[in-house]
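Atom set for the values below is all heavy atoms of this structure, side chains included, hydrogens, waters and symmetry mates excluded. Whatever order the structure lists ligands and atoms in, that order sets their numbers, starting from 1.
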Amino acid sequence: MNLIHIQGGVSLQGKVRIQGSKNAALPVLAATLLTKETSFIGNCPRIADVHRMVSLLKSLGCDVVWEDGGLRVNSAEVCRRDMRGEAITGMRSSLCLLGALLGRCGQVVMEHPGGCVIGVRPIDLHLKALSRMGVRFTEEAGKLKASAESLHGADISLPIPSVGATENIMLAAVMAQGDTRITGAAMEPEVTELAGYLKRCGARIEGAGTDRIVIHGGKTLYGADYRICSDRIVAGTYLFACIGAGGNVFLEDAPSAQMGTPLKVAEQMGGKLCVAEEGIYVQAPRRPKALALISTAPYPGFPTDLQSMALAVMTKSDGLCTVEETIFENRFRVAESLNSMGADIAFRDAGAVIVRGVERLQGAEVEAKELRGGAALVIAGLMAEGETVIGGCQYIYRGYENICRDLRELGARIVSV
Ligand code: UD1
């Protein structure tokens with residue numbers, strides 16, 4: 001199932017339901033380690049990264065079962081503190097298990113977490129912040145060892161609003177003695193979701209969703225039921241697929257309140273949108289209008305995770321567009337593949353490309369090199385004439401439950417083989 005075949009040139013029509021959010025589900029699943037009771041996490045997407053998180057939780061001693069589209073996690077018997085293997089090294093968000101396990105056991109041994117190859121992705125902010133809370137880090141044979149005799153609250157100022165670091169601090173801080181104040185915190189909805197679950201378990205957290213978060217530590221947490229929100233990046237992917245390929249679609253359950261900037265960008269591209277309680281109606285323009293500049297920024301700015309999809313749409317726009325990436329440095333690897341399909345993308349510098357819209361793209365054989373770039377190639381395949389064959393689709397399946405089924409529901413001619 002590593003190839004996706006697309007017969008392009010078909011406009012999209014119909015409705016698609018948006019899956020649960022990957023980036024919200026992963027830290028919430030890690031947070032289930034902080035209670036000795038059972039939690040039910042509803043609306044979990046059945047994607048490779050969630051399966052990896054499940055196997056990591058099981059390897060630590062948790063009992064985890066799929067039930068009604070969600071995961072029931074019992075963490076009463078957490079018996080191990082070491083994490084290794086592909087589930088850790090292949091997924092950056094395994095890093096949130098560091099804060100969670102420190103909160104639970106005060107000790108962790110882990111291999112360096114991996115993830116998509118979209119830049120250097122250091123973990124210095126995580127380590128510095130946790131050190132301030134009393135954690136000592138050592139490295140031995142390529143493994144990171146962390147231990148805290150007593151975890152205590154701290155004032156932490158983040159120089160970059162890192163999503164993962166904010167989540168890791170929160171996870172450790174709910175179990176620490178005393179208060180933790182984070183300034184410069186990430187404001188992403190996934191941070192608010194994590195706080196939502198932790199609060200339901202009995203934690204006291206104020207300010208999640210702003211750049212100042214206060215966590216009052218030292219509470220015993222209970223198990224809780226929590227429903228994960230829909231995935232704003234998957235919704236954005238299908239939004240831009242429609243803007244690029246043409247047509248009318250309804251994105252059922254799309255989390256419109258979290259999608260302010262992408263919706264504005266889609267409107268500036270000429271899309272007509274109608275936001276309803278149950279989702280978003282999208283009507284595509286005849287040809288996407290060129291935006292002078294699309295620049296990524298931390299939330300509520302334009303998400304770096306949708307940059308490649310917007311870039312794909314701009315390849316067939318009616319003019320010139322500069323696309324700037326300000327968060328991760330390697331996010332333009334997809335440009336070469338888009339050019340092989342007839343796009344006209346030139347590098348301005350390492351952090352920006354200039355796209356000159358062309359009349360048509362031509363199907364080609366291309367290779368996904370990371371998750372979101374892979375999804376952008378799917379959009380380009382829908383926009384192109386003729387057949388596109390995409391390899392390396394294991395990256396795409398890390399974040400999309402079934403991108404081919406979803407797009408087939410919208411009338412696309414797309415299969416995975
Ligand atoms: C999360 C998301 C990812 C999204 C990103 C930015 C998950 C599983 N992944 O990734 O999809 O693209 O937020 O919205 O939720 N940085 C450092 N040192 C650190 C940590 C980060 O320099 O210790 C830098 C990164 O290199 C990057 C920036 O901070 O330039 C933001 O990264 P961060 O917000 O931490 O991204 P992730 O949490 O890894």
Side-chain angles (χ1 to χ4, degrees), residues 20-31 44-45 47-50 52-53 56 87-88 90-100 112-132 135 137 144 146 156-171 182 184-195 211 228-229 231-237 258-259 261-262 295-310 324-331 350-351 370-376 395-396 398-400:
S21 162
K22 159 172 122 35
N23 288 353
L26 295 170
V28 167
L29 287 170
C44 279
I47 51 174
D49 277 12
V50 167
R52 281 182 165 132
M53 181 59 84
L56 281 167
I88 271 283
M91 178 174 77
R92 165 101 177 165
S93 42
S94 56
L95 191 55
C96 52
L97 287 166
L98 176 61
H112 198 288
C116 270
V117 194
I118 53 170
V120 180
R121 306 193 88 173
I123 61 168
D124 55 320
L125 301 176
H126 300 247
L127 304 190
K128 258 188 217 153
L130 293 169
S131 301
R132 288 186 62 88
V135 182
F137 289 100
L144 184 68
I156 296 165
S157 170
L158 289 175
I160 303 172
S162 159
V163 177
T166 303
E167 292 168 347
N168 245 334
I169 298 166
M170 283 166 64
L171 288 163
I182 315 174
M187 303 197 289
E188 266 66 2
E190 294 75 19
V191 171
T192 313
E193 283 281 299
L194 175 60
D211 64 351
I228 296 294
C229 63
D231 196 308
R232 63 192 172 104
I233 305 303
V234 172
T237 303
Q258 303 176 1
M259 294 176 66
T261 309
S295 185
T296 61
Y299 189 83
F302 191 80
T304 172
D305 284 351
L306 285 176
Q307 181 260 99
S308 307
M309 296 72 154
E324 254 176 16
E325 174 55 58
T326 67
I327 315 257
F328 291 116
E329 59 267 40
N330 271 358
R331 276 236 151 127
E370 37 91 13
L371 164 58
R372 304 303 173 188
Y395 290 112
I396 302 176
R398 289 187 49 191
Y400 297 83

Between Lys128, Glu188, Glu190, flag the one that comes closest to atom 14 (O) of ligand 1 by a heavy atom.
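Among Lys128, Glu188, Glu190, the closest heavy atom to atom 14 (O) of ligand 1 comes from Glu188.
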
Identify which of Ala25, Ala165, Pro122 has a heavy atom lying nearest to atom 20 (C) of ligand 1.
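Nearest heavy atom to atom 20 (C) of ligand 1 lies in Pro122.
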
Any donor-acceptor pair under 3.5 Å from [X] side chain to [Y] backbone:
{"X": "Ser21", "Y": "Cys229", "result": "no"}
{"X": "Asn168", "Y": "Leu95", "result": "yes"}
{"X": "Glu325", "Y": "Phe328", "result": "yes"}

Say whether [X], considering both its backbone and side-chain N or O atoms, lies within less than 3.5 Å of an N or O atom on ligand 1.
{"X": "Leu26", "value": "no"}
{"X": "Ile160", "value": "no"}
{"X": "Phe328", "value": "no"}
{"X": "Asp124", "value": "yes"}
{"X": "Lys22", "value": "no"}
{"X": "Asp305", "value": "yes"}

Enumerate the atoms of ligand 1 whose separation from the nearest heavy atom of Gly164 is less than 4.0 angstrom.
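Going through ligand 1 atom by atom, the ones under 4.0 Å from Gly164 are 35 (O), 38 (O).
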
Report the part of Tyr299 in contact with ligand 1, treating N, CA, C, O as backbone and CB onward as side chain, heavy atoms under 4.0 Å; options are side chain, backbone, both, neither.
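Neither part.
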
Taking heavy atoms and a distance under 4.0 Å, where does Thr304 meet ligand 1: side chain, backbone, both or neither?
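Answer for Thr304: side chain.
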
Kindly indicate whether the side chain of Leu144, heavy atoms from C-beta on, has any atom under 4.5 Å from the side chain of Leu127.
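Yes, at least one pair of side-chain atoms sits under 4.5 Å.
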
Which heavy-atom pair separates [X] from [Y] by the least distance, and what is that distance?
{"X": "Leu194", "Y": "Pro27", "value": "CD1-O, 3.7 Å"}
{"X": "Ala100", "Y": "Ala30", "value": "CB-O, 3.4 Å"}
{"X": "Thr304", "Y": "Thr296", "value": "CA-CG2, 3.7 Å"}

Reference residue Asp305; test side-chain contact (heavy atoms from CB on, under 4.5 Å); the match among Val234, Thr237, Leu371, Ile233:
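The side-chain contact (heavy atoms from CB on, under 4.5 Å) with Asp305 is passed solely by Ile233 among Val234, Thr237, Leu371, Ile233.
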
